[in-house]
Amino acid sequence: MSSNKVYKPKPVSGFPEYLPEVRLVEQQWLDHIRRVFESYGFCSVETPSVEELDVLSAKGEVDKEIYVLERLHKEEGGKDARLALHFDQTVPLARYVAQHFNDLTFPFKRYQMQRVWRGERPQAGRFREFTQCDIDVINVDSLPLHFDAEMPAIIWETLSSLPGMENEKIQLRISNRKILIGLLEGKTNNIPEALRIIDKIEKIGKDEVTKLLSKDCAIDDENIKIIMNLVGHDGYYILQDLTASNEMMAQGMEEIKFVKEQLSNLPEEAVKVDLSIVRGLDYYTGTVYETVFTDDPGYGSICSGGRYDDLAGQYINKALPGVGISIGFSRLFAKLLEQGKLPIARKSPADVLMLLPADDQHDKATEAAQTLRKNGHNVEMYHKAQKLQKQLSYAEKKGIPYVWFPGDGEVKDMATGEQVKADPQSWTPHE
RNA sequence: GCGACCGUAGCUCAGCUGGUAGAGCACUCGGUUGUGAUCCGAGUUGUCGCGGGUUCAAGCCCCGUCGGUCGCCCCA
């Protein structure tokens, strides 16, 4: 402390942290999301920050940059670390369901709001540590398609009512993987690559996609035409007179039509069928979701998910289909913060600052504060009998809306300056 | 992991063709007795990211390195 050599702290890139006034709004958001999720009957689950590496990599290649845990004082010749931070909440859920299979009641509906970690290079809206808010439904053997339709409805309700989101234009884009995969069947021997290219259509444009499909996937011009017709227009419109080229494609078409029709009570622009959407995660098998700011789709998806017919199958010998969606909380929040659209106000949750005009009023102040707290108000005590000038400006700076004078029992409204006699037992703020 | 740009007080930045650092904000105190937001005065704050080189002299030039931002990859 007294040393003149200070270590100058700097933020760790990709690991956001906020000031109290921002955090206050963040908590408001999390509470809001939690309430909506619970209103649909989802129950809360929290899993450890770490999973065994084998669990995380059970599905597909580990192309995600996973943070592996390594102990600082690892003993020489010690075994390699087997634990890693989870990079999403879906894989841990699958493990969770498999592990507690006997004790869960199906359909199992859970929400999970935790941090996840990805070792990617940070950018605007992309972090290395961030919060996701997931809802998923998992059932045994089969899961009604109604759940696929319920997901976007819940998300729409949640996002459009978040404080500060009222005027944001967002759009849920939905698709069904079976359509594109069915269509590509037999047209290329590199379907994954073709999907990756098509998924980028918004970013790189139709011409570039056309070029790449021909060059990298060896798809002939006629088939490219068919594909581009499918993904280059409003999907729901295209579906009306599209002929399926195989069973898988037909199934996908039927499913997406059903989902879209179930969502007809939402505003016109809220949900759009976009057949170019595939999503990178390889465990999705049917419906997929993506959500963007209509005026800034390049910012990336702020809420994605989909159906997976067999995720837990890696951990248990049962058929456990599920569908889920995840709010990219940090990405969404960061965008509104950056644009100054969050309702940032107070720096403290205190409603009242209990002043201390003189030391001999301390007991009285404590008593009044306790009474106020019992009645549901948040009260901070000023513990040093400094000039009132200081105490008031402290309240002002922290954005505490009321100050209390314990001596003669008066309360002052900092916004209006009005000061009146009040009883801590019965006092309530003006609105 | 690859490419482009950037790195000066806690924050945002200025610093002329190289001559050994400044502004605003913030912070502390004050403008007399128990009342804040404005205003005024005073004060504190820097190994100019780090290391090396060129030079009589470098924040400014060169090389390296680390860190940051953006793009690619991938994704919430």
Side-chain angles (χ1 to χ4, degrees), chain A residues 4-16 19 60-66 86-90 112-134 155 159 170 192-193 195-197 199-200 203-204 208 277-282 284 288-293 298-306 324-335 338 353 355-361 382 385-408 410-419:
Chain A
N4 50 13
K5 205 156 197 179
V6 294
Y7 175 79
K8 193 176 169 182
K10 38 187 183 260
V12 181
S13 176
F15 291 75
L19 293 171
E61 331 79 75
V62 190
D63 52 350
K64 300 227 169 305
E65 300 212 26
I66 296 177
H86 59 229
F87 54 82
D88 75 357
Q89 298 178 137
T90 311
Q112 197 167 342
M113 308 183 1
Q114 289 180 238
R115 291 189 176 178
V116 304
W117 295 267
R118 290 183 197 174
E120 296 169 302
R121 270 202 94 82
Q123 260 165 55
R126 172 198 280 181
F127 305 101
R128 296 200 281 205
E129 174 180 78
F130 57 100
T131 300
Q132 287 189 314
C133 307
D134 283 36
I155 290 304
L159 296 187
I170 55 169
E193 179 62 17
L195 292 176
R196 220 189 323 273
I197 293 168
D199 197 47
K200 280 196 274 196
K203 198 166 199 170
I204 64 179
E208 193 64 23
I277 302 221
V278 231
R279 304 265 71 227
L281 288 170
D282 38 25
Y284 295 127
V288 283
Y289 317 101
E290 202 168 280
T291 313
V292 293
F293 285 99
Y299 186 67
S301 176
I302 49 164
C303 182
S304 310
I325 191 162
S326 168
I327 299 175
F329 184 94
S330 302
R331 174 175 289 180
L332 178 62
F333 190 76
K335 166 102 171 168
E338 201 242 326
L353 177 68
L355 303 176
L356 185 62
D359 279 319
D360 60 11
Q361 290 179 24
Y382 204 93
Q386 284 179 301
K387 311 170 81 161
L388 279 176
Q389 190 176 229
K390 274 196 166 306
Q391 303 193 33
L392 285 163
S393 90
Y394 174 75
E396 206 273 324
K397 269 191 288 189
K398 271 202 172 177
I400 301 173
Y402 295 93
V403 293
W404 202 281
F405 293 80
D408 38 15
E410 290 187 349
V411 64
K412 174 177 175 132
D413 182 331
M414 292 297 283
T416 63
E418 187 193 4
Q419 187 169 330

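A, B, ... follow the sequence lines: proteins, then strands. Residue 1 opens every chain. Every heavy atom of this structure was used, including side-chain atoms; hydrogens, water molecules and symmetry mates were not.
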Kindly indicate whether the side chain of W404(A), heavy atoms from C-beta on, has any atom under 4.5 Å from the side chain of L353(A).
no
F127(A) atom CZ is separated from U69(B) atom C1', nearest whole Å, by 13 Å
So what does A124(A) touch, heavy atoms closer than 4.0 Å: a base, only the sugar-phosphate, or nothing?
sugar-phosphate
At 4.0 Å (heavy atoms only), tell me whether R196(A) reaches a base, stays on the sugar-phosphate, or touches nothing.
sugar-phosphate
Taking 4.0 Å as the cut-off, does a side-chain nitrogen or oxygen of K203(A) come that near to OP1 or OP2 on C72(B)?
yes
Under 4.0 Å, heavy atoms only, any strand: does D408(A) hit a base, just the sugar-phosphate, or nothing?
base
Determine the interatomic distance between P on A4(B) and the same-named atom on U20(B); round to the nearest Å.
35 Å
Compare side-chain N and O positions of K387(A) against OP1 and OP2 of U32(B) and report whether any pair is under 4.0 Å apart.
no
Should we say atom CZ of R128(A) is surrounded by more than 12 heavy atoms from elsewhere, each under 6.0 Å from it?
yes
Length of the CD1-C1' vector between I204(A) and G71(B), whole Å:
15 Å
5′-ward residue of the pair R128(A)/F329(A) relative to RNA chain B:
R128(A)
Interatomic distance, Y382(A) OH vs G36(B) P [rounded to whole Å]:
14 Å
NA contact type, Q389(A), heavy-atom cut-off 4.0 Å: base, sugar-phosphate, or nothing?
sugar-phosphate
Under 3.5 Å donor-acceptor pair, Q391(A) side-chain atoms to U35(B) base atoms
no
Quick check for you: among C29(B), C70(B), C27(B), whose closest atom lies nearest to any side-chain atom of K390(A)?
C29(B)
Consider the side chain of S13(A), meaning its heavy atoms from C-beta on, and name the nucleotide among C74(B), U69(B), U35(B) that approaches it most closely.
U69(B)
Using a cut-off of less than 4.0 Å, is there contact between a side-chain N or O of S301(A) and OP1 or OP2 of C75(B)?
no
In whole Å, what is the span from the NZ atom of K397(A) to the P atom of A26(B)?
10 Å
Looking at K200(A), does any N or O in its side chain come under 4.0 Å of the phosphate oxygens OP1/OP2 on C74(B)?
yes
With a non-hydrogen cut-off below 4.0 angstrom, is F405(A) in contact with a base, only sugar-phosphate, or nothing?
base
C75(B), G36(B), G71(B): which one has an atom nearest the side-chain heavy atoms of R126(A)?
C75(B)
Of all the nucleotides listed (C75(B), C27(B), C73(B)), which has the minimum atom distance to the side chain of Q123(A)?
C73(B)
Expressed as a whole number of angstroms, how long is the span from E290(A):CD to C75(B):P?
10 Å
Quick one: label G417(A) by what it contacts on the DNA or RNA (base, sugar-phosphate, nothing), any heavy atom closer than 4.0 Å.
base
Separation of A37(B) atom P from M414(A) atom CE, nearest Å, is 9 Å
Whole angstrom value for the distance that separates P of U35(B) from CD of Q361(A):
14 Å
